[in-house]
Amino acid sequence: MNKQINPPENKEVYHFIEEIIREDLKSNKYNKEIHTRFPPEPNGYLHIGHAKAILLSYGLAEKYNGKFNLRFDDTNPDAEETEYVEGIINDVKWLGANWENREFFASNYFEQLYEWAEMLINKGKAYVCEQTPEQVSENRGTPQVPGKSPFRDRPIQESLNLFRKMRAGEFTENTMTLRAKIDMASPNMHMRDPIMYRIKHKHHHRTGDKWCIYPTYDWTHGQSDFIEGITHSLCTLEFENHRPLYNWYLDQLVEQGAYRPRQIEFARLNINYTVMSKRKLLRLVKEKYVNGWDDPRMPTITGLRRRGYTPQSIKTFAEKVGIAKRENVIDLSLLEYAIRDDLNKTAQRVMAVIDPLKVIITNYPKDKTEFLEAINNPEDETMGTRQVPFSKELFIEKDDFIENPPKKFFRLGIGREVRLRYAYFITCNDIVKDENGNITEIHCTYDPQSRGGKSPDGRKVKGTLHWVDAKNAIQTEVRLYDRLFIKENPEDVAENEDFINNLNPDSLITTKGFIEPFIKYAKIQDKFQFERLGYFCVDNDTTENNIIFNRTVTLKDSWAKK
RNA sequence: UGACCUAUGGUGUAAUGGUAGCACUUAUGAUUUUGGUUCAUACAGUUAAGGUUCGAAUCCUUGUAGGUCAACCA
């Protein structure tokens, strides 16, 4: 009752990573500006979880006048391709992250890493192991049982010779590795003499056939951060157990107290009704459940872009999601909120009918067409107005007419009067049905006094409908999208099923749209609000004779729910 | 039964020993030439049990639950 209201505090709140950065800046820990990076592996396209990571690292660098690098973590030639490098560059740029000229590849550092590896061998901290992958795995032990490594006491010179021969291509794959000599009894499995190099006689998208040994992630990542002068190396929680190894490698190269990068982990993004792992997304693409990485149903950045999402909406979303260390599943509705919030302020309004019902204005002259003024965006006066044609035959939405409507239905029914937006009040007098009883057209009269949608006598109507002039309407293709999965958690499946069983069969419905002529000037990616229906954007597949619209998101509809 | 991490309304995230707040969602109402937007109101929370303290979401102890790790993936 007497609850006291807090005085408004404009105190900015910082998440734990920003807190760390602020302290480091205060203590001048690095003796320079902060430096972050985004390190994608070019083996697939980026998704919105990556967007969160990019916006975090870039946003922090920008806010604190630091630097941000883009670095491709291309240490495994098996699945990495130039196509993905280009896709990733495109997506990061589109999001607005700026890495200036600092576009790097871990493969640039292969020679340096190799030298450091020899150094470790010489220090007795690394050795060549001659076991098959199966043997390495068997001998690793279990979390409770220490492992063993039969070659770890091999003389330094012998390891050095073998390592050089590995590089020279004298051995076949899976016969030999270079391993760090750490602790085969560590409770942290990553510390049980991790692999530093493996043999792969594979062509690399950057280094070609120069190398046949490739460094592993752990041996590459921290060292690359170090080479680039990264201060805060942000990654997701699953790398938490790698941090001791990240630090161990740096210990071998860096003096106590000297500069070194710091790895900090945060929780990855999950959203309900979709999947977010590269492996699963790749499967959706490869097995053609969707039409490629940029299918508008995909949570990829390229898919969201094609769907009509804006960089701003993704930034808003990433901010609202926050940064923390606990596992999370974000409601899809938050993403939808973010895009509606942006498009409401920016999108051109237009009237379009997707499921048409013909309306004949019986008292309107047969050959007349007049033009009515419509507002382009009620949220932004500077966007101006446009002229919309009106004549005797129109289309309205089938949903907007019920023969015998219930009391709370504000739209059209027999004997009811509604407003056609920006046009006239009309009253329905009669309907025409086909032999199956389906309504084929409705007959209305209009009130010429109500031009523009106002009645001079001040009488009110509760409903306002969107409409298009049948004669002047432009016919387009419209693709209606819905959530990709039927279940909140796509992994919620019966035994011997998988997430594929939860795909939503109605995630894409292709239909037609009849749109006012204004739309003929639309270009690919242009975004519109189809009044009362939702936000739509022009799809890439659009050709001169066939405009195609993607529905980005519907408008909130507090009537449909009832 | 090993190591590391996490636990606050339906969801996400704040409160840094001192009034548990914000956003999304949901519901209701007002405004409205979009059943949109905007505005207002409401519902609803500290994993459990002990302990320290004048005072604990916060510190300590012990549970419970969840996540990650035994690829020559990243």
Side-chain angles (χ1 to χ4, degrees), chain A residues 3-6 9 11 13-15 19 39-41 43 73-76 78-79 129 131-133 136-138 140-145 147 173-179 186-192 194-200 213-214 216-218 220-221 235-244 265 267 272 278-279 319-338 340-341 344-345 349 351 374-375 378-379 408-411 419-423 452-454 461-466 529-534 554-562:
Chain A
K3 200 173 159 192
Q4 195 157 354
I5 313 275
N6 289 330
E9 289 179 54
K11 224 176 81 189
V13 291
Y14 308 108
H15 54 71
E19 210 67 77
E41 185 188 12
N43 66 348
D73 219 335
D74 54 349
T75 59
N76 184 349
D78 288 346
C129 174
Q131 290 185 101
T132 62
V136 170
S137 173
E138 277 165 30
R140 181 131 30 217
T142 66
Q144 289 94 332
V145 181
E173 294 186 15
N174 298 327
T175 57
M176 234 175 252
T177 56
L178 184 74
R179 290 231 249 168
S186 173
N188 181 342
M189 300 300 286
H190 297 288
M191 300 299 272
R192 317 256 266 225
I195 309 284
M196 294 171 69
Y197 277 92
R198 68 288 214 204
I199 298 169
K200 281 182 188 291
I213 57 172
Y214 290 93
T216 53
Y217 165 83
D218 287 300
T220 309
H221 202 88
C235 63
T236 46
L237 249 28
E238 63 268 29
F239 292 98
E240 224 157 18
N241 293 340
H242 293 242
R243 181 160 21 99
E265 312 86 13
N272 53 18
K278 259 193 205 175
R279 208 197 85 247
E319 277 163 22
K320 294 218 176 268
V321 157
I323 301 295
K325 290 189 78 160
R326 75 187 93 145
E327 300 290 327
N328 59 79
V329 181
I330 309 292
D331 275 345
L332 185 58
S333 62
L334 188 65
L335 221 210
E336 295 183 338
Y337 163 82
R340 286 191 190 112
D341 184 56
N344 176 49
K345 287 178 274 192
R349 267 61 167 177
M351 290 197 285
I375 294 166
E379 305 292 319
K408 295 278 265 181
F409 185 82
F410 303 150
R411 283 109 99 147
R419 168 168 38 233
L420 293 180
R421 190 149 157 90
Y422 301 126
K454 289 181 283 283
V461 289
K462 194 76 178 149
T464 301
L465 308 187
H466 63 276
Q529 184 194 101
F530 291 0
E531 296 222 23
R532 303 211 301 138
L533 293 178
T554 60
L555 253 31
K556 277 182 78 170
D557 188 347
S558 48
W559 165 249
K561 282 172 192 152
K562 294 182 183 176

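By convention in this document, chain letters (A, B, ...) are assigned in the order of the sequence lines, proteins followed by strands, and residues within each chain are numbered from 1. In this text the structure is predicted, and so the values were computed from the model without any measurement.
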Query raised in the report: Distance-only, no hydrogens or angles: does the A:Ser186 side chain make a donor-acceptor pair with backbone N or O of A:Asn188 under 3.5 Å?
Result: yes
In whole angstroms, the gap separating C1' of B:C69 from NE2 of A:His190 amounts to 4 Å
Of the listed B:A70, B:C5, B:A74, the closest approach to the A:Lys325 side chain comes from B:C5
| said: On the nucleotide B:U47, are OP1 or OP2 found under 4.0 Å from the side-chain N or O atoms that A:Arg326 carries? | reply: no
* Asked: Reckon A:Phe530 touches a base, only the sugar-phosphate, or nothing at all at heavy-atom distances under 4.0 Å?
  -> nothing
Side chain to side chain contact (heavy atoms under 4.5 Å, CB included) filter on A:Pro143, not counting sequence neighbours, yields A:Met189
The dot-bracket string of RNA chain B, counting Watson-Crick and G-U wobble pairs with both distances under 3.5 Å, using [ ] for crossing pairs and | for pairs to another strand, is .((((((..((((....[..)))).(((((.......)))))....(((((..]....))))))))))).....
**OP:** Indicate whether OP1 or OP2 belonging to B:C73 is found under 4.0 Å from a side-chain N or O atom of A:Asn76.
**Re:** yes
Minimal heavy-atom distance between A:Ile195 and A:Thr216, with the atoms involved, is O-OG1, 2.8 Å
note: A:Glu240, atom CD; B:G66, atom P; distance rounded to Å ~ 18 Å
Winner on side-chain proximity to A:Val13, out of B:U11, B:G36, B:A14, is B:A14
Within the 4.0 Å heavy-atom criterion, would you say A:Asn328 contacts the bases, only the backbone, or no part of the nucleic acid?
sugar-phosphate
Nearest heavy-atom approach of A:Ile375 to A:Arg349 is O-CB, 4.1 Å
* Does the side-chain ring of A:Trp559 sit on the six-membered ring of the B:G35 base, less than 5.5 Å centre to centre and under 30° in tilt? -> yes
task: Pick the C1' atom in B:A56 and in B:U46, then give their distance to the nearest Å.
output: 11 Å
Inset, instruction - Determine the Euclidean distance between corresponding C1' atoms of B:C69 and B:U1; express it in Å to zero decimal places. - result: 16 Å
Here the distance between atom P of B:U11 and atom CG of A:Leu332, to the nearest Å, is 16 Å
Quick one about A:Arg419 and A:Thr464 (side-chain donor to acceptor, distance below 3.5 Å, no hydrogens or angles considered), yes or no? yes
Of A:Thr236, A:Asn241, A:Leu237, the one forming a side chain to side chain contact (heavy atoms under 4.5 Å, CB included) with A:Phe239 is A:Thr236
Point to revise | Distance test, side-chain N/O of A:Lys408 to OP1/OP2 of B:G35, below 4.0 Å | key: no
Q.
I want to check one thing: is the phosphate of B:C72, taken as OP1 and OP2, less than 4.0 Å away from some side-chain N or O of A:Ser137?
A. no
Heavy-atom nearest nucleotide on RNA chain B taken for A:Lys454 and for A:Pro39; more 5' hit belongs to A:Lys454
So does A:Lys462 get a side-chain nitrogen or oxygen closer than 4.0 Å to the phosphate oxygens (OP1/OP2) of B:U34? no
A:Leu334 CG to B:G12 C1', in whole Å, measures 7 Å
From CZ of A:Arg243 across to P of B:U6 the rounded distance in Å is 10 Å
Base B:U68 to side chain A:Asn241, donor-acceptor N/O within 3.5 Å cut-off
yes
Practice prompt. For A:Ile323, answer base if it contacts any base atom (sugar-phosphate contacts may also be present), sugar-phosphate if it contacts only those atoms, and nothing otherwise; contact means non-hydrogen atoms under 4.0 Å.
Written response: sugar-phosphate
When rounded to the nearest 0.5 Å, the distance separating CD of A:Glu41 from OH of A:Tyr217 is 11.0 Å
B:A71 glycosidic conformation (syn if within 90° of 0, otherwise anti) is syn
note: A:Tyr217, atom OH; B:C69, atom P; distance rounded to Å ~ 13 Å
note: A:Glu238, atom CD; B:A71, atom C1'; distance rounded to Å ~ 15 Å
Rounded to the nearest 0.5 angstrom, the CE-CZ distance for A:Met351 and A:Arg421 is 7.5 Å
Winner on side-chain proximity to A:His15, out of B:U37, B:A74, B:A14, is B:A14
Could you walk me through whether A:Arg340 and A:Thr554 pass the side-chain contact (heavy atoms from CB on, under 4.5 Å) check? CA-CA 9 Å; A:Arg340 286 191 190 112; A:Thr554 60; 3.7 Å; yes
Side-chain atoms of A:Ile195 come closest, of B:U11, B:G36, B:C72, to B:C72
Query raised in the report: For atom C1', what is the distance between B:G10 and B:U53, given to the nearest Å?
Result: 35 Å
Q.
Using a heavy-atom cut-off of 4.0 Å across all strands, would you classify A:Glu265 as base, sugar-phosphate, or nothing?
A. nothing
On a heavy-atom basis, the closest approach of A:Gly147 and A:Arg192 is N-NH2, 3.8 Å
- Determine the interatomic distance between C1' on B:U11 and the same-named atom on B:G17; round to the nearest Å. 29 Å
Once you apply a heavy-atom cut-off of 4.0 Å, does A:Val461 come out as touching a base, just sugar-phosphate, or nothing?
nothing
Note to self: Say we look at B:A49 and B:C43: how far apart would their C1' atoms be, to the nearest angstrom?
What the structure shows: 30 Å
Taking B:C72, B:A3, B:G35 as options, the one with an atom nearest any side-chain atom of A:Thr177 is B:C72
* To do: With heavy atoms under 4.0 Å as the rule, sort A:Ile330 into base, sugar-phosphate or nothing.
  => sugar-phosphate
- request: Please work out if A:Arg349 contacts a base, only the sugar-phosphate, or nothing of the nucleic acid, heavy-atom cut-off 4.0 Å.
  value: base
Give a yes/no answer on whether the side chain of A:Ser558 brings an N or O atom under 4.0 Å of OP1 or OP2 in B:G36. yes
Rounded to whole Å, the CE-P distance (A:Met176 to B:C72) equals 16 Å
Ignoring backbone atoms, test whether A:Tyr337 places a side-chain nitrogen or oxygen under 4.0 Å from the OP1 or OP2 oxygen of B:C24. yes
Treating A:Asn76 as the side-chain partner and A:Asp78 as the backbone partner, does any N or O pair qualify as donor plus acceptor under 3.5 Å? yes
- B:A27 and B:U37, which share atom name P, separated by this distance in whole Å: 13 Å
| said: Taking donor-acceptor contacts at under 3.5 Å, does the side chain of A:Glu327 reach the base of B:G12? | reply: no
- With a 4.0 Å cut-off on heavy atoms, is A:Gln529 in touch with a base, just the backbone sugar-phosphate, or nothing at all? base
Regarding the side chain of A:Arg140, the nearest nucleotide among B:U37, B:A74, B:C72 is B:C72
Check: For B:G35, does either OP1 or OP2 sit under 4.0 Å from a side-chain N or O belonging to A:Arg532?
Finding: yes
Notebook entry, point to check: So, is A:Arg198 near the phosphate of B:A71, with a side-chain N or O under 4.0 Å from OP1 or OP2?
Noted result: no
ask   = Is A:Pro378 touching bases, backbone alone, or none of the nucleic acid, heavy atoms closer than 4.0 Å?
value = base
Of A:Arg421 and A:Thr75, the one whose closest nucleotide on RNA chain B sits nearer the 5' end is A:Arg421
